[in-house]
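The next block holds one structure in the form of structure tokens; read it before the comments.
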There are 4 protein chains.
Amino acid sequence: MKRNERKEMILESAKRLFSDRGYYQTQISDIMDAADVARGTIYQYFKNKDDIFTTLLESYLKRYENMVSEAILKLDLKTITPIEYLRFRIHTTFLFFAEDPDICNTLLRMGLGLPQHFDSVILRFEQRITNIITNDIQLGVNNGHVRPGLDMEIAANFYAGAILRCAYHFFGGASRGMSRGDLEAATHKITDMIARGIFSTP
Amino acid sequence: MKRNERKEMILESAKRLFSDRGYYQTQISDIMDAADVARGTIYQYFKNKDDIFTTLLESYLKRYENMVSEAILKLDLKTITPIEYLRFRIHTTFLFFAEDPDICNTLLRMGLGLPQHFDSVILRFEQRITNIITNDIQLGVNNGHVRPGLDMEIAANFYAGAILRCAYHFFGGASRGMSRGDLEAATHKITDMIARGIFSTP
Amino acid sequence: MKRNERKEMILESAKRLFSDRGYYQTQISDIMDAADVARGTIYQYFKNKDDIFTTLLESYLKRYENMVSEAILKLDLKTITPIEYLRFRIHTTFLFFAEDPDICNTLLRMGLGLPQHFDSVILRFEQRITNIITNDIQLGVNNGHVRPGLDMEIAANFYAGAILRCAYHFFGGASRGMSRGDLEAATHKITDMIARGIFSTP
Amino acid sequence: MKRNERKEMILESAKRLFSDRGYYQTQISDIMDAADVARGTIYQYFKNKDDIFTTLLESYLKRYENMVSEAILKLDLKTITPIEYLRFRIHTTFLFFAEDPDICNTLLRMGLGLPQHFDSVILRFEQRITNIITNDIQLGVNNGHVRPGLDMEIAANFYAGAILRCAYHFFGGASRGMSRGDLEAATHKITDMIARGIFSTP
DNA sequence: TATGAATGAGTATTCATTCAT
DNA sequence: GATGAATGAATACTCATTCAT
């Protein structure tokens, strides 16, 4: 087995376990067993347990960034309407969580409330989502689509919370999976609620 | 010192610590020190560490229930408009978290991702919030104020997430505190966003 | 059992083990067994294994200092001859090692070559011995008893090495113990060799 | 690279490391890195870590033996005076340690206090030194140069300790190096101290 | 009731050694 | 011969819980 395959296997197993049980409930022996690897092998690829978790967390962030930046390329920014733009953004985020329930669970639940050290990575993710929303609203403001009187800071947090909770509701916890069609429908409904909240003309 | 004073002191100290560091980062010795109580004493009032945390969690839920049901009594349900009713509900929830940052932190951050056993208590709280919102919307539906086509399940999760995250943004983490006036303003803005999202006439 | 008795018992057991096997060959479990104490108990009295060893080492130094300073009080410095003074000093050091073979072994053998951190404590002990000798020679110089041309630095190291090796030869390793009479005789012989080496008139 | 060059390289690196950090502080990986050799390669030349250290220790002893026996050939035993003979012996030992600070450090410090197994090699070295001294004194006794009343066993240990400590003082630890002239001078002084201690006429 | 010394199961981590390529 | 990924026994340390005083 190639070097990277092994490392990947450990990460894969750890990802699942951290998602299911959280950081403290996951023992090195659990990861060993799941990855079918000896104790020492884990420490050949990672400095310690912390390192495994951090590596995963960072990869989730990177993956989200990639997904967002790749998605945007598919858009024809010239012709797209504000509401279509909004819907597309939300869709991307939902797709991200739909693709990997472990990431969903970790980022949206199990990774929360951990020591400062880990939590800060999650916070960066949340910050990123909030930033995207803020920027998107700002874009609408510039284009004159956003209703006057909207408090940007509050709105960003408000809709970030809304979207993230819906994501967890759809893809996280026990309720794993959602049909393609349902996802489209849900995206529409959610976009609708946001549009009504921020745009001047419904 | 009276029996209940002691117990209260332990709970008080544990509350703060769990809120600051989370369940696993808080040691019995920390609670001992903070409560200025001997190790054995803690085990005279609580079966184990788990019991302390569960006791706190349950008390938070109870307190929220009390607050909600007491608040409703102050309302004149005959004359109140749907939007005022909504605003009042949100205000109650914000007041709850504003009153005690430790509860806010625990319920909205540190308590998340814990083993099934604890998490279920938190889930009950989230469920409760979502239920209240669902019921309130249902009330609006019955009265003909809610726009047609609104998906109740999604909307309930959507706005629950929105409100909870705003609560954490205002009162949780490091950003402890918010002036009375700001709270009123924020409540207005948030109510506004929700109203636009669900009511037929803005 | 009183608090300090326990701590003393752990130290006593550790002292013997470190002396017999050295630092790395001594496991916490060995100390546990020897002291008839549970694992956790050791960590209630000491921060870690290192702490146990350092505590012992420091106590040896302190004990030596006490012995040296108490011994000097018994001397009538007015009437004593230089050679008697020298003999007395050597006798004190031999007595110190004769009293406790574990200290002898640790300070003169097992404690050597350990990481900087420990070694420095031992070095302090060796330094102390060398200093005493240097001072004593200086005393002889001032009184005109020391032969001209003696290199103080070399002499101090020379005789420190000589005395310490003899101490180890007599009381260290397997050869534990030496009769009172033999000790006196050896002290005389050694004093004689030193006196011949440093004094002007034999 | 030839087979023996490799082995030599490993030994060379290990020698330095054992001298600097001691046996337990030196990891196989350190030796790998220093010798620029793969992990498995080390085990092709040596049975285990122990084997490397023992090989080195044995080579030190052998080297000392060679040096001593080669040196003696340069002497005209017919005409040499007892004191010149003594000086020559001490000089040889100092030269041995001066030539290689790593050997000095290992034999005189880092190698001490190791498990029985290693320690016995060092003990053999110390024994050898003591024997040489004993024999040399015996020679003096036979020739009538040694003062009556000298205790051979004690004297041998005494002067072995003295010489070895001076060697460590001059060449070991941090104080690496000593000029040719200083070495000669020191040898003279030390020989002088020994001569005064054991010979009948100074 | 209050105490705090004692406990030991549980856990992460190290590192010499092996062996298939 | 050389390599270095894989191994797992060994070990230090933690911390919730107990119980005699």
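Computed from a predicted model, the values in this text were never measured in an experiment.
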> Could you state the CG-C1' distance from C:Asp30 to F:dT11, rounded to the nearest angstrom?
Replying inline: 11 Å
>> Under 4.0 Å from OP1 or OP2 of F:dT14: is there any side-chain N or O of C:Tyr43 that close?
In response: no
>> I want to confirm an ordering. Mapping A:Gly40 and B:Ile28 to their closest nucleotides on DNA chain F, which one lands closer to the 5' end?
In response: A:Gly40
> Could B:Lys62 and B:Glu65 be called an ion pair, given the rule that one side-chain N must be under 4.0 Å from one carboxylate O?
Replying inline: no
>> Using a strict threshold of under 4.0 Å (side-chain N to carboxylate O), is an ion pair present between D:Arg63 and D:Glu58?
In response: no
> Quick one: D:Asp33 CG to F:dT3 P, roughly how many Å, whole number?
Replying inline: 13 Å
> Within the structure, does a side-chain N or O atom of A:Arg39 lie under 4.0 Å from either OP1 or OP2 of E:dT13?
Replying inline: no
> For E:dT21, what is the paired nucleotide under Watson-Crick or G-U wobble rules, both distances under 3.5 Å?
Replying inline: F:dA2
> Atom CG of B:Asp51 and atom P of F:dT18: how far apart are they, to the nearest Å?
Replying inline: 12 Å
> Roughly how many Å is it from CZ in B:Phe46 to P in F:dT18, rounded to a whole number?
Replying inline: 16 Å
> Taking for each residue the nucleotide of DNA chain E bearing the nearest heavy atom, is the 5' side occupied by C:Ile42 or by A:Lys49?
Replying inline: C:Ile42
>> What is the separation between atom OH on C:Tyr45 and atom C1' on E:dT7, rounded to the nearest whole Å?
In response: 12 Å
> What is the distance, rounded to the nearest whole Å, between atom CG of C:Asp50 and atom C1' of F:dT11?
Replying inline: 15 Å
> For the residue pair D:Tyr60 and D:Phe125, is the inter-centroid distance of their aromatic rings smaller than 6.0 Å?
Replying inline: no
>> I'd like to know if B:Arg109 and A:Glu126 make a salt bridge, using a cut-off of under 4.0 Å between side-chain N and carboxylate O.
In response: yes
> What is the distance from CE of A:Met32 to C1' of E:dA12, rounded to the nearest Å?
Replying inline: 12 Å
> Hey, which of these two, A:Asp36 or C:Tyr24, hits DNA chain F nearer its 5' end, going by closest nucleotide?
Replying inline: A:Asp36
> Is the Lys NZ or Arg CZ of D:Lys49 less than 6.0 Å from the centre of D:Phe18's six-membered ring, within 45° of the axis?
Replying inline: no
> When you check the phosphate oxygens OP1 and OP2 of E:dT1, does a side-chain N or O of B:Gln44 lie under 4.0 Å from one of them?
Replying inline: no
> Quick one: is A:Arg6 getting a side-chain N or O under 4.0 Å of the F:dG4 phosphate, OP1 or OP2?
Replying inline: no
>> Without decimals, in angstroms, what is the distance between A:Gln27 CD and E:dA9 P?
In response: 17 Å
